[in-house]
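Labels below follow one simple rule: chain letters A, B, ... track the order of the sequence lines, proteins then strands, and each chain is numbered from 1.
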Amino acid sequence: MNLQQLRIIKAIAKTGSIQGAAEALHVTQPAISHQLKSLEEELGESVLIRSRPDIVLLPAGREVLAVAERVTAEIEDLRQRFSPKAPDEITGTLRVAASTLGIVYLYGDLLQTFMERYPKVSLVVTATETGVEGARQLVSGLVDVAFVPAADNMEDLGFTVLGKTKHVAIVSSTHALSGRITVSAAELRRFPFIRYRPNAGSRTTSDKLFLSSGEYPPILMESNDTEFIKRVVAMGVGTAIVPEFTVTQRDREQRVLETLQVQHISIAQGYGLVFRQDIKMHTVHLFRELCIEHSDLTMKRF
DNA sequence: AACATCCGTCGGCTCCGTTT
DNA sequence: AAACGGAGCCGACGGATGTT
């Protein structure tokens, strides 16, 4: 039994003839006869009486018709669900991974816009400690997209650039380096340093800066909580290197933190959205479109 | 006129061997 | 082991024609 046979029974019931069903389904009359014969052979029972002017459905035919009505209705329903529609009618689920830092400083507006534009899409956000962890969850199928720093080892994954960020040194307004515009790695080595934990994008940056020309300054502590790092630095006990976007206008206005450009630091680390190219999901497609739309706005910040 | 049957055509599927 | 490609098979279909 196949879908075409169900369609045929439905068309015969509607038109009252095999010829009518053939016209309705855009096939020839022999095609209908073949399918009916095949259906009756499979059921081991006749489904209709070839009477004139109208064909009469037998009990078996009426049973097939009832199923045909249900199945074709469900297929139409399924088709409707995936057909293009207004944004506020789109349903589905999107699982997003992002570092807590990213959610707080970079992607919050984007996620909010997505929720407002597609209110019926269920958005599940997983906060990870680092962007690398988000990429790992994407590969293992735990999430559908992830926000990560740009990296070379994303072989089969697609990447949509959202923007670039640079890193700056932060000190308190009472610190010995306060008032400086730029600072070198050698000068930073003289003071206790608070660094990110391994695997964090910003840790890679500080590793490159200090380890390429010697050693790290004395390590006061390690943390991936940027707000905590800023708080400790504001107390005047050490320095840190953080993404520039984490130092807000409010931080500057309160005059507790100062930012210094770091000499020789590799600037402009890209970040964006990674997704699996081998899996097609309409919610992922919509989210990527929104990211592309927002990437211009994000890029202008730097 | 409406439907059934025969027969040829075509497209899709399966199987199997080969390649990567 | 997975991917690819060719050969053969099968089912769906349409045209022609027979039957009711």
Side-chain angles (χ1 to χ4, degrees), chain A residues 1-85 92-97 126 128 131-146 148 150-161 272-289:
Chain A
M1 195 177 301
N2 59 44
L3 205 52
Q4 180 70 344
Q5 290 167 346
L6 297 183
R7 287 197 195 101
I8 286 170
I9 292 295
K10 229 183 125 183
I12 289 175
K14 189 178 175 187
T15 64
S17 73
I18 288 177
Q19 186 59 38
E23 285 167 17
L25 297 174
H26 308 292
V27 293
T28 58
Q29 167 265 318
I32 302 288
S33 289
H34 281 308
Q35 291 285 6
L36 281 177
K37 191 179 171 190
S38 159
L39 176 64
E40 287 177 327
E41 277 173 6
E42 185 180 349
L43 296 177
E45 205 166 323
S46 298
V47 294
L48 45 81
I49 300 170
R50 279 83 166 161
S51 58
R52 293 175 197 174
D54 278 351
I55 278 175
V56 177
L57 283 183
L58 291 167
R62 286 201 292 275
E63 279 188 51
V64 174
L65 176 62
V67 172
E69 299 279 9
R70 281 207 306 274
V71 170
T72 51
E74 294 219 357
I75 288 172
E76 188 49 37
D77 177 55
L78 200 55
R79 198 168 275 148
Q80 283 296 324
R81 276 193 228 174
F82 289 90
S83 64
K85 47 174 90 84
T93 302
L94 182 70
R95 300 167 302 166
V96 184
T126 303
T128 57
V132 175
E133 172 59 21
R136 202 156 51 221
Q137 293 199 7
L138 175 69
V139 171
S140 35
L142 295 173
V143 296
D144 307 311
V145 292
V148 298
D152 301 328
N153 55 346
M154 296 193 290
E155 298 121 22
D156 298 330
L157 300 174
F159 186 64
T160 301
V161 179
L273 187 78
V274 277
F275 55 92
R276 291 179 61 143
Q277 289 177 305
D278 58 335
I279 293 177
K280 282 201 194 318
M281 277 177 65
H282 71 280
T283 49
V284 169
H285 177 73
L286 295 171
F287 195 65
R288 278 188 59 213
E289 280 191 337

A:E63 side, atom CD; A:L58 side, atom CG - distance, nearest 0.5 Å: 11.5 Å
Find the distance A:L48:CG to B:dA2:C1' and express it as a whole number of Å. 13 Å
What is the per-nucleotide protein-contact pattern of nucleotides 5-13 of chain B, from the 5' end, where B denotes a base atom under 4.0 Å from a protein heavy atom, S denotes such proximity for sugar-phosphate atoms only, and - denotes neither? BBB------
Test of understanding: with salt bridge (Lys or Arg N to Asp or Glu O under 4.0 Å), list the residues that count as partners of A:R7, not counting sequence neighbours. none
A:L25 CG - C:dA12 C1' separation (whole Å): 14 Å
Contacts of A:V139 that satisfy side chain to side chain contact (heavy atoms under 4.5 Å, CB included) - sequence neighbours left out: A:L157
Gap between atoms CD1 and P, on A:I18 and C:dT19 respectively (whole Å): 18 Å
Tell me every residue that passes side chain to side chain contact (heavy atoms under 4.5 Å, CB included) with A:E133, counting only those two or more places apart in sequence or in another chain. A:T128, A:T130, A:R136, A:Q137
Using the side chain to side chain contact (heavy atoms under 4.5 Å, CB included) criterion, which residues pair with A:E69? Sequence neighbours excluded. A:K10, A:L65
Roughly how many Å is it from CZ in A:R7 to P in C:dA12, rounded to a whole number? 13 Å
Nearest-Å distance for atom pair CD1/C1', residues A:I12 and B:dA2: 12 Å
In chain order, what residues pass the side chain to side chain contact (heavy atoms under 4.5 Å, CB included) check against A:R62, with sequence neighbours excluded? A:L57, A:P59
In whole Å, what is the span from the CD1 atom of A:I32 to the P atom of C:dG11? 19 Å
Tell me whether the side-chain N/O atoms of A:Q35 come closer than 4.0 Å to OP1 or OP2 in C:dC13. yes
